[in-house]
Structures are given as C-alpha cells and as structure tokens.
**Q** 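Next up is a structure, given as structure tokens.
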Amino acid sequence: MKSFGVSTHPIDLAAFRKQLQDRSCGAYVQFDGWVRDHNEGQQVLRLEYEIYEPLAVKEGNRIITEAVERFAVSNACAIHRSGLMGLSEVAVVVGVSSPHRGEAFDACRYIIDQAKVRLPIWKKEYYANGNAEWVNCQRCAHAV
Amino acid sequence: MKSFGVSTHPIDLAAFRKQLQDRSCGAYVQFDGWVRDHNEGQQVLRLEYEIYEPLAVKEGNRIITEAVERFAVSNACAIHRSGLMGLSEVAVVVGVSSPHRGEAFDACRYIIDQAKVRLPIWKKEYYANGNAEWVNCQRCAHAV
Amino acid sequence: MKVKVRYFAAFREAAGTETETLETAAVSPAELFVECAKRHQPLQKYSASLVAINDEMADWEALISDGDEILFFPPVAGG
Amino acid sequence: MKVKVRYFAAFREAAGTETETLETAAVSPAELFVECAKRHQPLQKYSASLVAINDEMADWEALISDGDEILFFPPVAGG
C-alpha cells in the first residue's frame, strides 16, 4: 500500500494503520504531527491548513514513491488534514512498514521532511491575543 | 510520562498513545515491532518472548531516562510483550512525543536500538517445519 | 500574451485577490512575480518559494506561454 | 564460597536446569561461566552476552562474593 491523501475530517488512525499491516514486515514507524498550543512564544488556540489539493496529492505520491524506492520499504502512506483544527488534533500522519526497522525510520523521516518543504500546504495559526498568522511568512519576508 | 513496562496481554495501542499526548508537543513518533512471518529463510508460525522482568523493567526505564535527557523530548514510553504471540501481533511498542520532530525520531530510535541490545529479553521462533530456535543464538555460537 | 495568475494563502491576502488574468511580456515566473508585486504592493515584502505552471511544479526560470496558469506559492508551513 | 547461578532462555535449555547452587573459587562471572560450561557441555558452544549480579547488570570482570546470585544471559533477541 502506497498513497498520499488529504482529509477534511479527523483522521481514523486505526484504519490508517490497518492499510500498512503486512505479515512480511517486522517494523512499523509512524509519525504524527499534532496541533501544538504554542509557537514562537505565542499561545495557539487553533489552526487552519490550506492545501492546494491537485498538486499536493500528485507531489505527495511522488515523495512516497521516492521513499519506497530509496529505502526499499514495503508500504508507506500519509494523510494531511485540511481546514480548521483544534489543539491536539492530528494534522498529518505518516506510516511506513518494512521487514527491518532502520529503513522504516529513514523512510518515515524522509517523507515528513520532504512533505514539509515540497507540498503546497500552508498553516495559519490563531492566537490567544486575537491575531492570526500564516506561519513562516514572517521569517521569510524580505523586510518587516 | 516516562515508563517502560512488560505485558503478558495484547497491547492496547490507543491507551498507550493517550499516555503520551501533550498539548505542548507538535510531534509524535511511534515504533512497533510486529511478529514477522519469516526469518532467515524459515517460515515462522508464532513466537515467544522470555523476559527477565525485574531487570528488564529497571534497565528499560534507564534507557527511557537516557533518551529523554539526551534528546530533550517531553514524553517517552515503551511496552514489551512477554509470552506466546501470533503473526502480526505487536511485540513491542515505543512512543515519543516532543515539541519538534527531529528529537522525537532520534529518541524513539535510540530507545528501540538500546532495548534490543541491553534488555534481558529472548525470542524463540516456532517454524513451519516443526523446529523452534532461540533467535541469534545460532549466529553467536562459538562453533556449530 | 495573456496568462492567468493564482495566489495562495498569505499571497492571496497580500494581493487581495485569488486569481487574475494579465497581459504580460514576462518570459519566466520569476519575472512575472516581480510584475505582480508591482501591481500589489503588499506582495513585495514576500519572496515566493515554489511555483507551478498548469498544475505541474516548475522552475522559476521556466518559459511561460500564452494561456498558461501560473500558481504562486508562499513559503510552505515547514518544521 | 557458595553462589547461586541462574540460566535464561537458550542457556536454561543447554544447562538442563534453571538454577543451581555451586561451590566455586571463581572470582569473576567470566571465570564462573567457564566452570559452568564444564559442568554442562552444551553451554560450551555459546558465548554469554550479558551478566547480572543480584539483579544488577554487571561487568564480566566484576568480583563475586559469597552468597551472590549470578544471572547468565544468552545473547538477546537483537534486530
């Protein structure tokens, strides 16, 4: 099983895991991105992901395929949430199963690292002080 | 939450995860060791873990503490199954939550790598041909 | 030539629009972004990170053609 | 002096016993393991990997004392 998906609903983690089960695999590594209650000193109340889905899915599947080929793992899937989310919700999940654990760790990390830089996904944080910011856009601004 | 435990019953993964939830954490990494249907060319039907629990728990907690200190993660737990197990069951689970993902990956891998070499836990595999072997004892024998 | 431009997330807010159709002499997405930032001043404080042409990720120096849809992506969410 | 020895997993099967009490002159777990492998021939094909004294992980060259319980662990499950 190899796939990248986008979901507007809470992710069903048990179903997600089940897709990756494989009797030939001794190792399973999962990464979850959780909505954190703070960022750069600000208290976060909730957040929103904007995803340009046609390209995110295409490029996400490309990343999954690269990871499977590069690390020779058996199965790899990822789902990214879209829209508004509360604290502690799962914003993204990546799962990899493989006969041995080293490759599963490497592939899982590759997928989330690449996803964070290559996918057209943006995060807006809503703060306790009433402000809201597109994350990372402060840091990369030419001048403030 | 920081703990290492041994269980003679199937591991409740939802309850395991819940212990590690933390609103200050944006990253969660979990490793599962699954019972694989083959090993070194032999078809495996089931397996058995023997654990010397007093020392496994003491040393397991030491590994967890080392990981938490070394990688500065917020929470880390692990549970290892003891006794007989069928294919695809979860033999061991390690979970780490942390504000950022790099540390969570590193700590999770450290815990499982150290656990595999430092804990008094032995695996006996039962094969389709009727044989049973303590795994790794062939490889490390002086003479065969 | 005529191209369609599409802005996402922070860019959409800075440009005050999601899509627009422009008459341009820009040959590459890089040149086109500079033009767009002149039309929409708030865009000038940003550097774009990724660009796509007709739903395919593209290079900033790729050639654009009449009728293309250019997608400007602000820096992604990252770590 | 008298010590108690405990064998685990493959060692228990090779020794044909789980525990035994021995009179020994061995000063270290390393020397003691050699003695034990003389008593139980099948142990000779194994190298022990870890050792504990009185439920604490110990060094192979640690000093053993009268009344100690020495735990011999075969190589652990590994990868």
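Chain letters run A, B, ... following the sequence lines, proteins first, then strands; residues in each count from 1. Treat the numbers as computed from the prediction; the structure is a model and nothing was measured.
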**Q** So what's closer than 4.5 Å to chain B heavy atoms on A:S88: side chain, backbone, both or neither?
**A** side chain
**Q** Does a donor on one side chain and an acceptor on the other come within less than 3.5 Å for B:E133 and B:Y127?
**A** no
**Q** In terms of heavy-atom pairs under 4.5 Å, which option from A:R17, A:R109, A:H38, A:Q21 contacts chain B the most?
**A** A:R109
**Q** Quick one: of A:V93, A:L87, A:V92, A:D22, who has the most non-hydrogen atom pairs under 4.5 Å with chain B?
**A** A:L87
**Q** Evaluate the side chain to side chain contact (heavy atoms under 4.5 Å, CB included) criterion for residues B:Q19 and B:N75: first the C-alpha distance (whole Å), next the side-chain angles of each, then the deciding distance (0.1 Å), finally the verdict.
**A** CA-CA 9 Å; B:Q19 300 178 301; B:N75 307 278; over 6 Å; no
**Q** Could you have a look at A:P99, A:S24, A:G95 and say which one has the most heavy-atom pairs with chain B under 4.5 angstrom?
**A** A:S24
**Q** Using every non-hydrogen atom in the two residues, find where A:A67 and A:V73 come nearest and quote the distance to one decimal.
**A** O-CG2, 4.3 Å
**Q** Would you confirm whether A:N61, through its side chain, and A:F4, through its main-chain N or O, come within 3.5 Å as a donor-acceptor pair?
**A** yes
**Q** Using a strict cut-off of less than 4.0 Å between a Lys/Arg side-chain nitrogen and an Asp/Glu carboxylate oxygen, indicate whether B:D106 and B:R70 qualify as a salt bridge.
**A** no
**Q** Would you mind telling me which of B:F31, B:F71, B:F105 makes a ring-ring contact (aromatic ring centres under 6.0 Å, His included) with B:Y110?
**A** B:F71
**Q** Quick one: what part of B:V44 sits under 4.5 Å from any heavy atom of chain A, side chain, backbone, both or neither?
**A** neither
**Q** Under a 4.5 Å heavy-atom cut-off, does chain B meet the side chain of A:L13, its backbone, both or neither?
**A** side chain
**Q** Among B:C25, B:G102, B:C108, single out the residue with the greatest number of heavy-atom pairs under 4.5 Å to chain A.
**A** B:C25
